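This report refers to the structure that appears directly beneath it.
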2 protein chains.
Amino acid sequence: MELAGAAKSAKDPDQPVSIEEDGADFDEAALRRAMELLFFAYRDFTGEADALLARYGFGRAHHRVIYFVGRNPGITVSELLAILGITKQSLSRVLGQLMDGGFIDRRPDAQDRRLRRLHLTPEAAALERTLTERQSRFIAAACFKAGPSAAAGFEAVLRAMINPDDRRRVGCE
Amino acid sequence: MELAGAAKSAKDPDQPVSIEEDGADFDEAALRRAMELLFFAYRDFTGEADALLARYGFGRAHHRVIYFVGRNPGITVSELLAILGITKQSLSRVLGQLMDGGFIDRRPDAQDRRLRRLHLTPEAAALERTLTERQSRFIAAACFKAGPSAAAGFEAVLRAMINPDDRRRVGCE
DNA sequence: GCATATATGTCAATATTGCTGACGTATTTT
DNA sequence: AAAATACGTCAGCAATATTGACATATATGC
């Protein structure tokens, strides 16, 4: 991933080369630009919440857990692992830190007591709201600048980029 | 960063709350969805090139360097640091590995010999083309699925998200 | 020429976030 | 009773980033 080059592509005569994709032509320069934009945009977007998280001694991994548990109260450890796409051992450390700090509450399920259901504490819920609001404003500002039609296209392309499993998790559509 | 909740937001009555932004209203649920989509889409996008990079023993940091040096032949170390947004010490290790492996060529500038101008070797240029093609196809496929108008909106919103300094580096527009 | 600023490199220590493998334990299902 | 499931944990490792401190080469201003 990564990528995004920089300004002066200079060197080549810049003849519009194209890449075939299912019969559609997209300009190579436009594709490169999109890759670069995605890199910079994601970097700026993720930088939005970091200062606040640092005040709690948390990083992005903690943010992800807080966000997903907040959006899915009672989610199990397995489900959370599937969403995050990391290993049990990786999650374990972060989850342990959050529980030690009183941000996550873990209780056995009533029916199947092997399952641990995760919930945010009130303190974590407040933090989650603040973080989400901050990042929402960032997205909203960009969508406002670009206009509602562009915002719809933005969402459509993102949706087309993600795999079906993840797609099912977003937007319920 | 991060974010993206999961499916069942269930709990709340889902009355469309909105967030004010410069006079524009955006549905809170739509903003959340956009945040989540960005998280998943970027994750899938960045996963595209990893297998190939692994064959060289490289990671994402190496990819970034190869990409930006490829797009900016003769870029200096300082300029590269500014683009990547990392520290000199962090870059130093990755750059050293790339030079050891014969992927990056570093030569003093003719006028100001404090400057080290960076170039890709032919081998690195070939790798860069392969990686970029792979990721371009990924973006192109999504743009094709979503349609040309959506693709334009996608680019417009991304452009609005990044700060002016970075914006100057992309697309020359 | 001297002082200072710039561009770069490097050493050491640390943090975050991920990985794999190997076990252990509780609980449910068969 | 046996097997599968859900989870936790210990130990080690790797990639990517951080900060601070210091060294060197070169350029620029006076």
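Quantities reported herein were computed from a predicted structural model and do not represent experimental measurements. Reminder, nothing fancy here: chain letters follow the sequence lines and each chain counts from 1.
The distance between atom CZ of A:Arg43 and atom P of D:dT16, rounded to the nearest whole Å, is 17 Å. Nucleotide D:dA6 holds its P atom 10 Å from the CD atom of A:Glu79, rounded to whole Å. Distance A:Arg60 CZ to D:dA17 C1': 10 Å, rounded to the nearest Å. In this structure, B:Ile75 places its CD1 atom 14 Å from C1' of C:dA7, rounding to the nearest Å. One can place CD of B:Gln97 at 15 Å from C1' of C:dT10, the figure rounded to the nearest angstrom. Going from atom CG of B:Asp50 over to atom P of C:dG18 covers 14 Å, rounded to whole Å. Protein atom NE2 of B:His63 is 16 Å distant from nucleotide atom C1' of D:dT16, rounded to whole Å. Whole-Å rounding puts the A:His62 NE2 to C:dG18 P distance at 10 Å.
The distance between the ring centers of B:Phe45 and A:Tyr42 does not fall below 6.0 angstrom.
With sequence neighbours excluded, the residues that form a side chain to side chain contact (heavy atoms under 4.5 Å, CB included) with A:Arg117 are A:Thr76, A:Asp109, A:Leu115, A:His119. Applying the side chain to side chain donor-acceptor pair (under 3.5 Å) test to A:Thr87 and every residue at least two apart in sequence or in another chain returns A:Ser90. Residues satisfying the salt bridge (charged side-chain N to carboxylate O under 4.0 Å, His left out) criterion with A:Arg107, sequence neighbours excluded, are A:Asp105. Scored by the side chain to side chain contact (heavy atoms under 4.5 Å, CB included) test, B:Ala152 finds no partners at all (sequence neighbours excluded). Legend: residues meeting salt bridge (charged side-chain N to carboxylate O under 4.0 Å, His left out) with A:Arg93, ordered by chain and number and at least two apart, are absent. Partners of B:Arg129 under the salt bridge (charged side-chain N to carboxylate O under 4.0 Å, His left out) rule, at least two apart in sequence or in another chain, do not exist in this structure.
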With the criterion being N/O to N/O and under 3.5 Å, what pairs connect the protein with nucleotides 19-21 of chain C, and how long is each?
from   : atom 1 : to      : atom 2 : distance (Å)
C:dC19 : OP2    : A:Thr87 : N      : 2.7
C:dC19 : OP2    : A:Thr87 : OG1    : 3.0
C:dC19 : OP2    : A:Ser90 : OG     : 2.9
C:dG21 : N7     : A:Gln89 : NE2    : 3.4
C:dG21 : O6     : A:Gln89 : NE2    : 2.9

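Among residues at least two apart or in separate chains, there is no ring-ring contact (aromatic ring centres under 6.0 Å, His included) pair with a member in residues 74-94 of chain B.
For DNA chain D, the neighbouring residues in residues 108-120 of chain B, judged by any heavy atom under 4.0 Å, are B:Gln111, B:Asp112, B:Arg113, B:Arg114.
Between B:Arg113 and B:Ala110 the shortest heavy-atom distance is CG-O, 4.1 Å.
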